[in-house]
Amino acid sequence: MEKGNLSINSENIFPIIKKWLYSDTDIFLRELVSNGCDAIVKLKKLASMGQFSVDENEKFKVVVRLDEKAKTIQIIDNGIGMTADEIKKFITEIAFSGATDFITKYQDQFENGSDIIGHFGLGFYSAFMVAEKVQIDSKSYMADAESAKWVCDGGIEYEMDSSDRLNRGTTITLYVGEDNKEFLNGWKLKEILAKYCSFMPIEIYFEDASKKDEEQDDKPVNETAPLWLKKPAECTDEEYKEFYHKVFTDFNDPLFWIHLNMDYPFRLKGILYFPKLKHELESIEGQVKLYNNQVFIADNLKEVIPEFLLLLKGTIDCPDLPLNVSRSFLQNDGYVTKMSKYITKKVADKLNSMFKKSREDYEKYWEDISPFIKYGAMREHDFYEKVKDSLLFKTTEGNYVTLTEYTDNNKEKAENKVFYVSDIQQQAQYIKMFKEEGMDAVVLDTRLDVPYVSFLEAYSNGIKFERIDSAVSEMLKSDKESEIDAEALEGLFKASLGKDDIKIKVENLKSTEVSAMIELSEQSRRMQEMSAMYGMDNRTFPNDETLVLNANNNVVKLLLDIKDSKNEESEMICRQIYDLAVMSHKPLSQDAMTDFIARSNKIMELLAEK
C-alpha cells in the first residue's frame, strides 16, 4: 500500500472548498456527473483519432447510484478511466485539470476541445461538501493498465491501492456524512439531476440500490441532444412548443420564439420564447436558463442576458462563457458584453422582421409583448434605437399605428402632438369629442406607461404627449363667439360650489352635449402622478385644474335665466355639472360621490313633479 500527501500548500483548502467555492451544496452532483461525461467524451475523441477501438455494442453512460443503507452515492462512468499515476496527477494535485491537460495534448488533432466540460481541476473536490470520505476506483482504457483505488477522508492525507474494478471507467463513491443525509434520498437526487443535468451530452441514469434490477428506470434522466443544438430550419413549430412545455412546465403555448445560432466570434446557441405577458411588471416572472456545454449554470444571469430579456423564457448555451472556478459565476470578460449585445440585436431583429413581414401577426401579439418591449426600450437605449420604428400604439378605435403614422394622420389638427387616454371608460366624453373632430387618441393605460411617455418625449424628436383631458378646449371650441355673460356665469359657479379660488373658463365648444369638462395641464398632472408614486402629499402642489363651461350647452344657458328666481335649483345644477365634469377626469371622492347620488335623485324628483 502506498501513502502520500496532497500537493497543496495549505491544510485549510477543504474548508475553503466546502464553504466558499460553490454557491449551492447540491452542485456536487453536477460537478461529478460532468466529470463522468468528460471521461466518455475524451474516450470518444481518442476513438475518432484512431487511438482506441470502441465496441459498437457498448452503451456509453453515467450512472448515479444511491444506497441509502450504506449511506453512499456513486457516480459511475465507462469513459477513459485513470491509471494510478493519473489519479496522483489529476486528483492529488489540486487545481490540475485533466480536461485542460487532455485538450492541450491533442489540440492539433481535433477542433472543439471545449466540448469537454471541466477546465479548472476543482470539480471533483465538491464531493467533500457532502461526503466525509471519498473513494475512487478507476481502470484506464490502456490495455496494460491496472485498476487503482484512491481514498481520502477530507484531510490532506490519502491512501492508494489496487482496485477490484474490472471494466474500463471510473466509480466515485461518496460516503455521505450525517450533516448531509438529506442527499440520501432518491427524490432529492433526481431533483438535482433534473436541475443541472437535463441536457448533458452523455446519457445519465439513476439507480436505487433498494430496488431490484427490473424495477430500475431504464430511461435516461437527460436529453443528450436538446433542441437548441439543431439548426433552426430543421425544427418544427411543434418541437419548439413541446420543448417549451417540458422545460418551463407552462401549459400555455408561447407566442413566438427566436432561435439563436452563432459560431463566431464566440459560440452561442439557444432559444428565447415570448410568453404571454401581463401588463404589470411585478407579476411577470421570466426564466432564461444559462448553460455551458449543455451543463446548467444558473437562471437569469444579468451579466450575459440583458435585464429586460429576463421577462422572457428560454435557454442559452455558450461554451465560451468565462466562468469562474466554481462554474457558478462569470468572470469579467469582453466576451460577456459581446454576448449581451448579440442577444439584444437578435431579439430586435426578430421584432423588426415580424413588423415588416407579418404586421398582422405582430399587431395580434402586441398587447402581450408590449410590456417587455416598453421596458426594454427604457432599460437599453441600443435596443430602443433598433426597434423604435416598430413600436406600436393602440388607438381608441382599436387600430395599431406607429408614432410616425399617428403624427402624420393628425398633423393638421395637432402637429408633433400625441393625445392619449389612460382610462377609456372614464375619459369617454373626451374621446367622443375628439372623434367628432375627426381625431383619435392612443391608449396608454398601464403604470408602465407613465415613465414610458416621458421616455418617448426625450427621444422622439420633439414630439409631445398630452392626455386627452389636458388643455384641449382651444382645439375643440367653435368659431362662433359666445353670447353668454361669461363673468356672471363664473360668479354663479364660484358661489354655488363655495370655491372662490376655482379656475373657470367659458368656451363656446362645438359639441352641444357636453356641459363642462375639467382641464389639467400635462405637466401639472405628471407632477401629481409622480408625487403619488413616491408617497408625497399632493396638497403641496397648487391645484391647476380648470373648469371649462360650454356656453353652447342648453343647460349652461338655462342657468343664467333661473339663477335669481330659483337659487336652490341653479346651485344644485351647478354642482351637478361640476361633478359630471370631474367624473370624466378622475374618480370622485367618497363624500363627493355620496352627494352626487343624493343630488341626482333630487333632480329626478323635481323632474317628476313637473
Side-chain angles (χ1 to χ4, degrees), residues 23-24 27 30 194-200 223 226-230 232 235 239-262 266-278 281-323 327-331 333 335-351 365 368-380 382-383 386-387:
S23 56
D24 298 305
I27 282 178
R30 179 191 75 179
K195 178 179 179 181
Y196 292 108
C197 309
S198 286
F199 300 108
M200 284 190 182
E223 182 182 337
L227 192 63
W228 69 72
L229 293 181
K230 294 177 66 174
C235 303
E239 285 179 317
Y240 281 118
K241 292 176 183 178
E242 182 181 350
F243 184 74
Y244 176 81
H245 296 317
K246 178 180 178 180
V247 175
F248 302 105
T249 60
D250 188 343
F251 295 106
N252 296 313
D253 285 342
L255 299 173
F256 56 93
W257 47 84
I258 301 171
H259 197 138
L260 306 170
N261 191 356
M262 184 177 187
F266 48 82
R267 291 176 296 155
L268 184 149
K269 298 180 186 296
I271 306 170
L272 287 177
Y273 290 94
F274 286 71
K276 283 193 172 185
L277 300 181
K278 299 176 182 177
L281 286 177
E282 290 86 346
S283 64
I284 298 173
E285 295 182 4
Q287 186 181 30
V288 180
K289 294 177 173 291
L290 190 64
Y291 293 82
N292 179 245
N293 269 324
Q294 297 175 238
V295 179
F296 175 72
I297 302 301
D299 286 322
N300 300 345
L301 271 185
K302 295 180 182 178
E303 295 94 333
V304 173
I305 305 153
E307 185 180 2
F308 73 96
L309 290 179
L310 299 182
L311 301 176
L312 306 181
K313 294 181 180 181
T315 56
I316 292 177
D317 190 349
C318 186
D320 299 325
L321 280 175
L323 298 171
R327 289 196 286 192
S328 302
F329 305 101
L330 296 174
Q331 301 181 86
D333 194 279
Y335 270 129
V336 176
T337 301
K338 291 178 182 178
M339 290 176 199
S340 180
K341 288 183 177 298
Y342 166 75
I343 295 169
T344 298
K345 179 181 182 301
K346 293 298 289 185
V347 172
D349 289 347
K350 174 69 174 181
L351 295 171
Y365 297 142
D368 289 306
I369 65 175
S370 61
F372 150 75
I373 297 177
K374 292 173 183 178
Y375 182 65
M378 290 187 285
R379 293 292 298 179
E380 296 278 343
D382 286 347
F383 178 70
K386 288 179 173 65
V387 302

From CA spacing to verdict: side chain to side chain contact (heavy atoms under 4.5 Å, CB included), Leu312, Ile258 | CA-CA 11 Å; Leu312 306 181; Ile258 301 171; over 6 Å; no
For Val247 and Tyr273, what are the C-alpha separation, side-chain angles and deciding distance, and is it a side chain to side chain contact (heavy atoms under 4.5 Å, CB included)?
-> CA-CA 11 Å; Val247 175; Tyr273 290 94; over 6 Å; no
side-chain hydrogen bond (donor to acceptor under 3.5 Å, both in side chains) partners for Lys386, two or more places apart | none
Compare every heavy atom of Arg30 with every heavy atom of Cys197, then report the nearest pair and how far apart it is.
-> SG-CA, 4.3 Å
Scanning both residues in full, the closest heavy-atom pair of Pro275 with Tyr244 reads CB-OH, 3.5 Å
Passing candidate, ring-ring contact (aromatic ring centres under 6.0 Å, His included) with Phe243, options Trp257, Phe199, Phe248 = Phe199
Can you list the steps and then say if Val288 with Leu309 is a side chain to side chain contact (heavy atoms under 4.5 Å, CB included)?
-> CA-CA 8 Å; Val288 180; Leu309 290 179; 5.6 Å; no
Rounded to the nearest 0.5 Å, how far apart are CG of Leu260 and NZ of Lys350?
-> 11.0 Å
Ile369 and Leu255 have their tightest heavy-atom pair at CG2-CD1, 3.7 Å
Does Lys289 make a cation-pi contact with Phe296, if we ask for NZ or CZ under 6.0 Å from the ring centre and within 45° of the axis?
-> yes
Met339 and Cys318: which non-hydrogen atoms are nearest, and at how many Å?
-> CE-SG, 3.2 Å
Is the backbone N or O of Pro319 less than 3.5 Å from a side-chain atom of Asn292, with the two atoms forming a donor-acceptor pair by type?
-> yes
If the plane angle is over 60° it's perpendicular, under 30° parallel, otherwise tilted; pick one for Phe383 and Phe308.
-> tilted
Crowding at CD, Glu239 (>12 non-hydrogen neighbours, <6.0 Å) | yes
Could you tell me which non-hydrogen atom of His259 sits nearest to which non-hydrogen atom of Trp228, and how far apart they are?
-> NE2-O, 3.4 Å
For the ring pair Tyr365 and Phe274, is the centre-to-centre distance below 6.0 Å?
-> no
Interatomic spacing from NZ in Lys338 to CG in Leu268 - rounded to 0.5 Å = 13.5 Å
Which atom of Asp317 lies closest to which atom of Gln294, heavy atoms considered = OD2-N, 3.0 Å
If you measure from CG on Leu229 to OG1 on Thr315, what distance do you get to the nearest 0.5 Å?
-> 9.0 Å
So CZ of Phe372 and CG of Leu310: to nearest 0.5 Å the spacing works out to 10.0 Å
Rounded to the nearest 0.5 Å, the CG atom of Asn261 sits from the NZ atom of Lys346 at a distance of 8.5 Å
Interatomic spacing from CD in Glu242 to CG in Asp253 - rounded to 0.5 Å = 11.5 Å
